[in-house]
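Both backbone and side-chain heavy atoms feed into the values below; hydrogens, waters and symmetry mates do not. Here the structure is a predicted model, which means the values were calculated and not measured.
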Amino acid sequence: MGKIIDGRAVAAEACLGIKARVQAIAEKGVTPKLAVVLVGDNPASRAYVGMKEKKAAELGIATAGYKLSAEISEDELIALVKELNGDASIHGILVQLPLPKHISEERVLMNISPAKDVDGLHPVNAGMLMTGRKGFVPCTPKGCVKLVESTGVDIAGKNCVVLGRSNIVGKPAAILMLAKNATVTMCHSRTENLGDITRGADILISAVGVPNLITADMIKPGAVVIDVAQCRVNDAWRGDVDFEGALEVAGHITPVPGGVGPMTIAMLMENTVEAAEKTLD
């Protein structure tokens, strides 16, 4: 039976280091501050924002919350983003996604200053990641890599399969694993014979959003399985992976919930502190 990767414990350990960094820059007169913009009243988004604000408070990171009507115009939202760009006390800007359908997420994200883009979604930061330069890395894939590393498995030389090709998780996860010298294969909705590919994975990262897409017979014995998806099924959270079956085959596996989620929030905090540290350079 595989070992369950406790994302909450790994995140808690990471947060100890983050808190120390917060204290170090506080001694230099700077308190990291994250602007959190929530548009509308989506219950899931509201819950995520609440968790992020709570974790920030625990670590000594200040937050400025902007809870806006779902009727706000795209131009009004962008005007707020530009105002936050110009506020020297704000180090990071988080616009909680998804946004209402009448607002272009791409246009809003494009207007966040790359220096405050702690979600790592601006094309400048995406380009930095692609070319191996220092920029903000998207929080979820950054957390996925740390979860793999927490198992003690050496990533270099391993076959890594990434399921999903989103700009938020799939693509950056593949690039990060490539930077760690894994041999990376990307799969998606058009991939044929998916099981044949996943069975060759020493490390499997799945971010599709289809409950139980990955069954035990699709997993290489001893593999590290990182399940990014969170799907609501019969009032319970499930991931892409059939957890109970996979646990019998995998070497290490993240649960849903309690796996990737806590790491995503921890990495957002880390990026915010990094943004504040850069103002001291």
Quick check: closest heavy atoms across [X] and [Y], and the distance to 0.1 Å?
{"X": "Leu84", "Y": "Ala35", "result": "CD1-CB, 3.9 Å"}
{"X": "Pro32", "Y": "His91", "result": "CA-ND1, 3.5 Å"}
{"X": "Val228", "Y": "Cys144", "result": "CG2-SG, 3.6 Å"}
{"X": "Gly200", "Y": "Asn159", "result": "O-CB, 3.4 Å"}
{"X": "Asn42", "Y": "Ser45", "result": "OD1-N, 3.0 Å"}
{"X": "Ala115", "Y": "Phe136", "result": "O-CE1, 3.4 Å"}

Close side-chain approach of [X] and [Y], heavy atoms under 4.5 Å:
{"X": "Leu163", "Y": "Leu213", "answer": "yes"}
{"X": "Val36", "Y": "Val95", "answer": "no"}
{"X": "Cys139", "Y": "Asp119", "answer": "yes"}
{"X": "Leu34", "Y": "Leu268", "answer": "yes"}
{"X": "Lys158", "Y": "Thr183", "answer": "no"}
{"X": "Thr185", "Y": "Ile197", "answer": "yes"}
{"X": "Glu270", "Y": "Arg21", "answer": "yes"}
{"X": "Val241", "Y": "Ile219", "answer": "yes"}

Between atom [atom1] of [X] and atom [atom2] of [Y], what is the distance when rounded to the nearest 0.5 Å?
{"X": "Ile93", "Y": "Leu80", "atom1": "CD1", "atom2": "CG", "answer": "8.0 Å"}
{"X": "Thr63", "Y": "Lys33", "atom1": "OG1", "atom2": "NZ", "answer": "8.5 Å"}
{"X": "Ile18", "Y": "Cys15", "atom1": "CD1", "atom2": "SG", "answer": "4.5 Å"}
{"X": "Phe243", "Y": "Asp227", "atom1": "CZ", "atom2": "CG", "answer": "9.5 Å"}
{"X": "Ile5", "Y": "Thr254", "atom1": "CD1", "atom2": "OG1", "answer": "6.0 Å"}
{"X": "Ile203", "Y": "Cys160", "atom1": "CD1", "atom2": "SG", "answer": "5.5 Å"}

Charged N to carboxylate O below 4.0 Å: is that the case for [X] and [Y]?
{"X": "Glu58", "Y": "Lys55", "result": "yes"}
{"X": "Lys82", "Y": "Glu76", "result": "no"}
{"X": "Arg107", "Y": "Asp75", "result": "yes"}
{"X": "Glu53", "Y": "Lys67", "result": "yes"}

Main-chain N/O of [Y] paired to [X] side chain as donor or acceptor, under 3.5 Å:
{"X": "Arg8", "Y": "Pro262", "result": "no"}
{"X": "Asn85", "Y": "Asn111", "result": "yes"}
{"X": "Glu74", "Y": "Ser104", "result": "yes"}
{"X": "Gln96", "Y": "Arg46", "result": "no"}
{"X": "Lys116", "Y": "Ile90", "result": "yes"}
{"X": "Asn271", "Y": "Val118", "result": "yes"}
{"X": "Asp117", "Y": "Gly120", "result": "yes"}
{"X": "Asn181", "Y": "Ile155", "result": "no"}
{"X": "Asp202", "Y": "Ala223", "result": "no"}
{"X": "Thr151", "Y": "Val153", "result": "yes"}

Counting heavy atoms not belonging to [X], are there more than 12 under 6.0 Å from its [atom1]?
{"X": "Lys3", "atom1": "NZ", "value": "no"}
{"X": "Glu13", "atom1": "CD", "value": "no"}
{"X": "Met51", "atom1": "CE", "value": "yes"}

Have Ser206 and Asp240 got a donor and an acceptor in their side chains that come within less than 3.5 Å?
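Ser206 vs Asp240: donor-acceptor pair found between side chains.
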
Answer with yes or no whether the hydrophobic clustering places Leu121 together with Val145; edges join I, L, V, M, F, W, Y residues whose side-chain heavy atoms lie under 4.5 Å apart.
yes

